[in-house]
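Report on one structure; see the data block that follows.
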Amino acid sequence: MNSDECKSLLALQKHSQPQLFPGDIVEYPRNKYFSHFAVYYGEREGVPYVAHLTCRDSDSKLPLFGRALRSEVKLDPLELLGRKYKVNNMLDDAYPARDFHGVVKPAIDDLMGREVTFDILFHNSEHQATLLRYGVKKSSQIERIYEHIMPAWKKLFEKKKL
């Protein structure tokens with residue numbers, strides 16, 4: 001492969017990110033088990049932005065019991081959260097997406113600057129993203145964890161050890 005072909009391939013890879021539409025859920029893989037989720041907001045002065053639930057103190061570790069009382073929905077440039085992302089409108093088959101300009105954008109704008117409690121089990125970034133897009137709070141990554149925890153808990157209950 002010559003240098004011109006390499007440059008063309010690199011340019012293609014650089015611009016091979018998925019096409020985003022306002023209201024799309026954007027998934028940023030973090031590790032083998034968890035991802036961070038956001039909702040595509042659109043462009044501001046040519047820069048694409050997403051709305052996402054985040055702790056105000058970004059350097060702090062997740063507090064005890066997976067809760068952070070000082071969290072908020074924030075607008076950030078799309079690639080500030082990571083260069084690896086994908087569109088994951090995971091509930092489109094089960095729920096209709098809400099109108100972005102009539103419902104989702106005003107909801108995001110209303111949440112800006114307000115304190116929200118982050119709870120890894122009951123209100124994480126995936127819950128927030130599905131609530132904005134569909135009006136329903138769901139987290140498939142937490143549901144997968146429950147699938148593994150519940151059988152173990154059931155056995156402990158049956159043995160009267162829990």
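To the nearest 0.5 Å, atom NZ of residue Lys138 and atom CE of residue Met90 are 11.0 Å apart. With values rounded to the nearest 0.5 angstrom, Asp24 atom CG is found 13.5 Å from Lys86 atom NZ. For the atom pair CG of Leu53 and CG of Leu111, the computed distance is 9.0 Å after rounding to the nearest 0.5 Å. The distance from the OG atom of Ser140 to the CD atom of Glu27 is 7.5 Å, given to the nearest 0.5 Å.
Not counting sequence neighbours, Asp93 has no partner by the salt bridge (charged side-chain N to carboxylate O under 4.0 Å, His left out) test. In this structure, the side-chain contact (heavy atoms from CB on, under 4.5 Å) partners of Val47, at least two apart in sequence or on a different chain, are Tyr49, Pro77. Legend: residues meeting salt bridge (charged side-chain N to carboxylate O under 4.0 Å, His left out) with Asp92, ordered by chain and number and at least two apart, are Arg133. By the side-chain hydrogen bond (donor to acceptor under 3.5 Å, both in side chains) test, Thr130 is found to be paired with no residue, residues two or more places apart in sequence or in another chain being considered. Remark: Lys74 pairs with no residue by the salt bridge (charged side-chain N to carboxylate O under 4.0 Å, His left out) rule, at least two apart or across chains. Taking the side-chain hydrogen bond (donor to acceptor under 3.5 Å, both in side chains) definition, one finds that Asn31 meets it with nothing, sequence neighbours left out. Listed by chain and number, the residues in a side-chain contact (heavy atoms from CB on, under 4.5 Å) with Lys137 are His123, His127, Leu131 (sequence neighbours excluded).
Taking hydrophobic clusters as Ile, Leu, Val, Met, Phe, Trp and Tyr residues chained together by side-chain heavy-atom distances below 4.5 Å, Val39 does not share a cluster with Phe21. Leu80 and Ile108 end up in different hydrophobic clusters when Ile, Leu, Val, Met, Phe, Trp and Tyr side chains are linked at under 4.5 Å. One hydrophobic cluster holds both Val116 and Met112 under the rule that ILVMFWY side chains link at heavy-atom gaps under 4.5 Å.
Here ring pair (Phe, Tyr, Trp, His ring centres under 6.0 Å) pairs that include residues 27-46, with residues two or more places apart or in two chains, are Tyr28-Tyr85, His36-His52. Applying the side-chain hydrogen bond (donor to acceptor under 3.5 Å, both in side chains) test to every pair with at least one member in residues 94-103, sequence neighbours left out, gives no pairs at all.
When all heavy atoms are compared, the tightest approach of Asn89 to Gly23 is OD1-O, 4.5 Å. Considering all non-hydrogen atoms of both residues, Asp110 and Arg114 come closest at OD2-NH1, 2.8 Å. Ile142 and Ile120 make their closest contact through CD1-O, 3.3 Å (heavy atoms, listed as atom of the first residue, atom of the second, distance).
With contacts defined as side-chain heavy-atom distances shorter than 4.5 Å, the pair Leu20/Leu78 qualifies.
Gln141 and Ser35 form no side-chain donor-acceptor contact under 3.5 Å, judged by distance and modelled atom types alone.
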